[in-house]
Structures are given as C-alpha cells and as structure tokens.
**Q** 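Have a look at this one.
Small disclaimer: the values here were computed from a predicted structure and weren't measured.
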Amino acid sequence: MGTITQKRVFNKVTSPVQVSGAEAMMLSLIEEGVDIIFGYPGGAIMPVYDALYDYRDKIRHILVRHEQGVAHAAEGFAKVSGRVGVCLVTSGPGSTNMITGLADAMIDSMPMVCISGQVGSPLLGSDAFQETDVMGISMPVTKWNYQITSAEEIPEAMAKAFYIATTGRPGPVMIDITKDAQFGTLDFKYEKCTKLRSYFPYPKVKKEDIKAAAILINNSKKPLLLVGHGILISDAQNELEKLVTKAEIPVASTLLGLSAFPSRHPLYVGLLGMHGNYGPNVKTNECDVLIAVGMRFDDRITGNLNTYAKQATIIHIEIDPAEINKNVEIDVAVNADAKDALYALLPLIKNNKHTEWLESFKKYEQEEYEKVIKKNINPASGQIKMDEVVHMISEKTKGGAIVVTDVGQNQMVAARNYKFAEPNSWVTSGGLGTMGFGLPAANGAKIAMPDREVIAFTGDGGFQMTMQELGTIAQSKIVVKIVLLNNSFLGMVRQWQEMFFEKRYSFTEMDNPDFIALAGAFGIPGRKVTNREVLKDAVDEMLASKEAFLLEVVVGKEDNVFPMIPVGESVSNVRLE
C-alpha cells in the first residue's frame with residue numbers, strides 16, 4: 001500500500017509532501033489538534049484505518065460496539081471538553097447507524113466531524129455492496145456535508161469541516177470519502193480555514209440592540225432570565241453571573257442550560273419546562289421582562305404558545321438568527337454570541353434590587369418541597385425513590401461530578417435533583433430525546449475528562465438500547481459509574497399512559513435480564529440494591545471504586561415524576577401530583 005503505511009514524524013506540515021489520501025486524513029486531523037477518535041472499522045474505510053495504525057502514538061482510537069455509540073460518545077466528549085468530537089465509520093449501515101447521533105448533535109448544537117467511508121467513485125449510484133446515499137440522508141441533520149471523490153480534495157474539505165463545526169452555533173459535519181480517494185495520492189499541504197464566503201458565524205453586536213435591552217432591564221420590576229445551552233457554548237458563565245448579580249435578576253435554566261449557573265446560587269430559581277420547578281414555570285407568566293440567553297424557546301419550555309409570557313416584554317440574545325421570532329414573538333432581539341452580548345450589556349446595567357420579586361418565588365419553592373420533593377428525597381417507607389438516589393449522590397459528590405443521563409424519567413429526576421457546582425457538568429439528549437444516549441455519551445465524557453467523576457443515570461429501557469457499550473468500557477478501561485434506575489417499565493411512557501390513557505399500559509412493561517451478571521460478563525463489578533437500608537453503602541462502594549461500576553437500584557414500578565405540565569397546556573398549569 002506504499003505511502004499509506006509510511007509514517008510521518010512531523011507534527012505540522014509546512015511544505016508539500018506526497019502522501020496517500022488515507023494518510024492525508026490522519027495528517028489533517030493532527031493539524032486540527034485531534035488526539036481522540038471514536039470509531040468502528042469496515043471495508044470502505046479500511047485504507048484510513050490502515051493509515052491510522054501508524055499514527056497510534058498521536059491519535060487514540062476508541063473502538064465502540066455500535067456506530068450509534070460512535071456519535072453519542074463524540075457528543076459526550078465535545079460537550080464537556082469544548083473540543084470537536086471526531087467519528088470514523090464505514091459506508092452503508094456504518095454511516096446510517098450514525099445518523100441518529102448526527103440528528104441528536106444537530107438539534108443540541110454539538111461540534112462534531114464525522115468521517116464515513118464510501119464505495120469507489122465509479123460505483124456511486126450503482127447500488128454497490130454497502131453503498132448508501134449518505135449525502136442525501138445526512139443533509140437535514142448536519143450543519144454541512146461533503147463527499148470527497150479525489151485525494152486532492154481532502155485538506156481543504158477537512159479544514160472547512162472543522163471550521164464550520166466549531167464556529168457560530170456549533171453542529172455536526174459529515175465528510176464522506178470514497179475508497180479510491182483514500183488510495184489516491186496528493187501533494188499534502190494544510191491550511192486551516194478561517195473564513196468562508198457568505199458564512200458569517202459571529203454576528204456583530206449592535207449597540208442599539210444592547211442599549212434597548214439595557215433600558216428594559218434597568219426599568220424592570222419583575223425580571224426573569226432564562227439561561228440556555230448557548231451560555232456554555234460561548235463560555236459566558238462569568239459574564240452571566242456578573243450581570244444577574246449586579247441587577248439582582250432571578251435565573252432559571254433550560255434542560256441543556258443546566259450547570260451554566262451554580263445550582264445553589266441565591267439567584268437560581270430552578271429548572272424550566274415540562275418537569276421543571278414550580279416557581280420558574282409559573283413566574284414566566286408573571287414577569288414583566290423575560291431575558292432569554294442562548295436558548296430556542298422549544299415546546300417543552302413554552303407549553304402552549306398562545307398563553308406563554310403574554311404579559312412580558314421579551315429580550316432574546318441568540319447567535320442563530322433562525323431561532324429569533326421562530327416560536328415566540330420577540331420585542332428586542334440581540335443576534336450575537338452570548339458572551340459578546342453580555343459583555344457589551346454589563347456596563348449599561350444599573351445596580352438594582354428586586355427583593356420582593358425574589359421572595360415571591362419562595363412560596364412556590366416551599367409548596368413544591370412539601371408536596372413533591374420532601375417525600376421523594378426522604379421517604380419514610382416503601383420502595384426506593386428515583387429522586388432519593390440522585391439526591392444522595394449529589395450530596396456525596398458535592399455537585400462536582402459530570403452527570404450524564406439517558407432519556408426518560410431517569411433524565412428528569414437527575415435534572416431536578418443534582419445540584420451542579422461546576423460548569424459543563426451536564427450531558428443529556430435534549431431536543432431529540434434519544435434513548436440509548438447515556439452510556440456511550442458517558443464514555444465520551446470520561447475520555448475527555450479522565451480526572452473528573454462521571455456518573456451516568458439511566459433507566460432499564462434506555463440502557464438496553466446501547467448496553468453493548470459495556471464492551472467499550474471494558475476494553476478501553478473507562479472508569480464510568482453507571483446508576484441504573486430499574487422500574488421494569490418504559491417509565492416515562494408508562495407515566496403518560498397512567499395519566500392520559502386510563503392506565504392502559506400498552507407494551508411498556510419489561511422483562512429484564514440480570515444486569516449485574518451482564519456487567520460481570522464484561523468484567524465490570526456491580527451491585528443490585530432492592531432496599532433502602534443498604535443504599536448508602538452501595539453508593540459509597542460505587543463512588544470509591546477505582547474502576548467502572550454498575551449500581552442497579554430497583555425503584556417503584558409506578559412512581560411518577562412531578563411537577564408536570566401536560567402537553568399543550570400553559571406553563572402556569574403545573575401539576576404537583
């Protein structure tokens with residue numbers, strides 16, 4: 001294979017050198033600072049894998065067990081590190097298996113560069129073995145996609161891919177490379193991409209918009225700030241805290257905004273949305289100025305749009321112009337990066353106090369505590385509650401762990417009960433709601449942050465969708481702690497069936513395997529807890545473990561997550577029971 005296996009000893013390519021297309025892929029990744037790849041080999045990507053063999057000292061490859069796991073692991077890596085998650089898969093089913101992860105990353109704004117092999121260019125469109133039109137399939141779920149059919153295209157295409165994935169509102173990019181392009185040769189020289197025609201990822205902050213926003217905030221009597229994922233993406237946590245402290249503005253978080261603002265901060269009033277906290281949901285329809293930063297007003301936040309914050313003047317700080325006025329009519333739009341906008345806004349904001357307004361949240365907080373929280377985190381009897389497990393782990397880790405969740409009841413109880421002390425500590429599937437996300441995403445997060453505790457909360461349903469990634473944990477020695485909240489149901493669907501379908505539990509009850517034995521087959525220790533008396537000891541054992549650990553906790557089969565806003569109802573119509 002000639003140049004494919006000829007090892008290069010340099011870190012930066014400063015002058016042209018002839019290499020194969022496959023080796024050019026490796027050199028391009030090194031130029032972009034990539035040292036971790038999540039992948040699964042196959043026929044159409046084999047030349048690239050052969051080149052990777054000679055770059056094992058520069059690029060660590062994590063062999064996952066399914067291509068969906070490739071993408072979710074890259075998402076977890078990207079979320080907590082701020083770096084690009086890189087995926088490598090083969091053609092046909094390899095690339096289609098990855099599509100769910102691309103869709104997840106697209107809606108949740110995760111920077112990823114996903115490389116898929118493809119049949120040789122003469123075979124394109126011929127229905128060759130393992131050929132799929134991955135360009136057509138991936139176009140709606142990527143920020144950009146491109147098919148490379150000649151080796152000479154590789155450096156420029158890869159440079160564009162990393163630039164597009166990481167700038168503006170981040171997102172996944174897919175590069176499809178034909179097999180003949182991998183075998184071909186080129187004079188390799190790499191130039192990083194710094195701009196593209198007609199692509200302006202960072203809108204300039206307009207002084208008039210900032211001034212208009214500042215006037216509204218300064219004159220507000222009942223302001224409420226909604227913090228979204230954009231705060232974390234733009235690294236604007238400090239600017240946010242300075243602004244809200246100066247103006248004494250209560251802060252509520254979207255699901256993806258969790259950990260952008262400390263959970264125990266006196267100005268933090270809780271989680272928004274369908275299973276969010278009572279106070280911030282109700283107060284959304286009482287505030288006079290609503291300041292939304294780096295969030296997109298999705299339906300889980302707004303409930304019925306016809307009744308959402310109609311009394312409020314709304315300020316929306318958002319980098320993606322497509323999100324402004326998409327769902328909610330905005331009074332002052334600041335189309336800019338969150339960090340830039342808050343930095344410009346801060347000097348114009350006056351010192352202020354909103355004591356009475358802040359105090360008004362406490363009534364709802366106390367009512368929620370009495371009717372929901374107290375009996376769930378400190379039950380007197382009965383089966384173990386999901387909330388008490390998360391609460392106990394939050395207390396024992398002092399809010400310092402990276403928390404990864406699957407989707408469903410486990411996700412909501414983790415979001416409600418874990419008190420985050422550090423930013424970029426929350427990894428979940430928000431917009432797509434992908435069951436099976438948790439385990440592979442936790443692997444990616446731990447690879448990115450090996451010195452931090454990574455705890456994955458999952459349910460018995462979601463866990464079984466990607467539980468083959470236990471093999472990845474075992475082979476790559478990834479020290480993740482898995483908390484499996486087992487209610488032998490597809491819990492969130494069952495809750496809806498109970499509340500809205502007269503308890504007609506249609507195909508949501510599950511006959512589960514011996515999860516501890518399953519983990520043991522991979523050499524992963526674990527423990528099953530069925531009674532409260534040993535829960536504390538089991539949690540301590542898990543947290544003390546120097547290797548991966550599966551803690552299975554059997555919880556109430558028909559426990560529900562409250563508060564809850566029924567679909568299509570106003571955010572004011574919060575059910576506490």
Side-chain angles (χ1 to χ4, degrees), residues 21-22 24-26 28-29 34 37-52 61 63-75 78 84-108 110-165 170-184 432 434 436 440 466:
M25 292 295 295
M26 294 300 103
S28 297
L29 293 173
V34 174
I37 293 178
F38 302 92
Y40 202 96
I45 198 66
M46 203 173 295
V48 169
Y49 266 91
D50 188 71
L52 176 59
H61 179 274
L63 178 64
V64 301
R65 295 303 187 266
H66 190 282
E67 290 90 356
Q68 183 178 343
V70 166
H72 294 329
E75 287 184 86
V84 180
V86 179
C87 306
L88 194 57
V89 298
T90 194
S91 64
S95 53
T96 59
N97 282 343
M98 191 171 61
I99 293 296
T100 295
L102 291 176
D104 195 278
M106 184 65 177
I107 199 166
D108 284 355
M110 291 288 96
M112 291 166 55
V113 171
C114 304
I115 303 161
S116 62
Q118 186 55 275
V119 301
S121 54
L123 295 175
L124 290 173
S126 71
D127 292 332
F129 178 67
Q130 290 193 334
E131 182 199 0
T132 303
D133 179 14
V134 71
M135 290 292 98
I137 294 171
S138 65
M139 183 175 63
V141 293
T142 52
K143 194 175 175 185
W144 183 62
N145 67 357
Y146 186 77
Q147 187 173 71
I148 296 173
T149 57
S150 66
E152 291 81 4
E153 298 176 90
I154 292 170
E156 183 178 0
M158 291 297 289
K160 284 183 180 179
F162 278 87
Y163 179 65
I164 292 171
V173 168
M174 189 160 192
I175 298 294
D176 194 46
I177 179 169
T178 61
K179 203 166 184 179
D180 51 324
Q182 297 172 55
F183 278 122
L432 199 63
T434 306
T466 53

**Q** CE/Met26 to CG/Leu52 distance, rounded to the nearest 0.5 angstrom?
**A**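 Met26 atom CE to Leu52 atom CG measures 5.0 Å (nearest 0.5 Å).
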
**Q** Got a second to check how far Leu124's CG is from Gln147's CD, nearest 0.5 Å?
**A** 5.0 Å

**Q** Indicate yes or no: at least one non-hydrogen side-chain atom of Ile99 is less than 4.5 angstrom from one of Val141.
**A** yes

**Q** I need the Gln118 CD to Asp176 CG distance, nearest 0.5 Å.
**A** 4.5 Å

**Q** May I ask you to test the Pro41-Met46 pair for a side-chain heavy-atom distance under 4.5 Å?
**A**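 No, side chains not in contact.
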
**Q** Atom CE in Met158, atom CD1 in Ile175: separation rounded to 0.5 Å?
**A**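 The CD1 atom of Ile175 is 6.5 Å from CE of Met158, to the nearest 0.5 Å.
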
**Q** Please find the pair of heavy atoms, one from Ala74 and one from Met112, that lie closest to each other, and give the distance.
**A** CB-CE, 4.1 Å

**Q** Is the backbone N or O of Leu432 less than 3.5 Å from a side-chain atom of Asp104, with the two atoms forming a donor-acceptor pair by type?
**A**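 Such a contact is absent between Asp104 side chain and Leu432 backbone.
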
**Q** Tell me, with the steps shown, if Ile115 and Leu88 meet side-chain contact (heavy atoms from CB on, under 4.5 Å).
**A** CA-CA 5 Å; Ile115 303 161; Leu88 194 57; 3.8 Å; yes

**Q** Are the side chain of Asn145 and the backbone of Met135 linked by a donor-acceptor contact shorter than 3.5 Å?
**A**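 Checking the backbone N and O of Met135 against the side chain of Asn145, a donor-acceptor pair under 3.5 Å is found.
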
**Q** Step through the shown structure and confirm whether more than 12 heavy atoms of other residues, nucleotides or ligands are within 6.0 Å of CD on Glu156.
**A** no

**Q** In sequence, state the C-alpha distance, the side-chain angles, and the governing distance for Gln68 and Thr434, and then conclude on side-chain contact (heavy atoms from CB on, under 4.5 Å).
**A** CA-CA 11 Å; Gln68 183 178 343; Thr434 306; 3.7 Å; yes

**Q** Suppose the criterion is ring-ring contact (aromatic ring centres under 6.0 Å, His included): which pairs have a residue in residues 135-158, not counting sequence neighbours?
**A**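 Pairs touching residues 135-158 that pass the test: Trp144-Tyr146.
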
**Q** Begin with the C-alpha distance, continue with both residues' side-chain angles, and end with the deciding distance and a verdict on side-chain contact (heavy atoms from CB on, under 4.5 Å) for Tyr163 and Val173.
**A** CA-CA 10 Å; Tyr163 179 65; Val173 168; over 6 Å; no

**Q** Given Glu67, which partner from the list Thr100, Asn97, Thr96, Thr90 fulfils the side chain to side chain donor-acceptor pair (under 3.5 Å) test?
**A** Asn97

**Q** Is any side-chain heavy atom of Pro440 closer than 4.5 Å to one of Val64?
**A** no

**Q** Please step through side-chain contact (heavy atoms from CB on, under 4.5 Å) for the pair Ile45 and Ser91, ending with a clear verdict.
**A** CA-CA 7 Å; Ile45 198 66; Ser91 64; over 6 Å; no

**Q** Just jot down the ring-ring contact (aromatic ring centres under 6.0 Å, His included) partners of Tyr40, sequence neighbours excluded, or say none.
**A**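 Residues passing ring-ring contact (aromatic ring centres under 6.0 Å, His included) with Tyr40: none at all.
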
**Q** CD1/Ile177 to CD/Gln182 distance, rounded to the nearest 0.5 angstrom?
**A** 5.0 Å

**Q** Can you give me the closest heavy-atom contact between His72 and Gly436, atom names plus distance?
**A**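 Closest heavy-atom pair between His72 and Gly436: CD2-O, 4.0 Å.
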
**Q** Counting N and O atoms only, with roles assigned by atom type, does the side chain of Glu131 sit under 3.5 Å from a partner on the main chain of Gly125, one being a donor and the other an acceptor?
**A**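 It does hold such a pair.
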
**Q** Let me confirm one number: the CG-CZ distance from Asp50 to Phe183, rounded to the nearest 0.5 Å.
**A**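 The CG atom of Asp50 sits 8.0 Å away from the CZ atom of Phe183.
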
**Q** For His66, what residues pass the ring-ring contact (aromatic ring centres under 6.0 Å, His included) criterion, not counting sequence neighbours?
**A**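 For His66, no residue satisfies ring-ring contact (aromatic ring centres under 6.0 Å, His included) once neighbours in sequence are set aside.
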
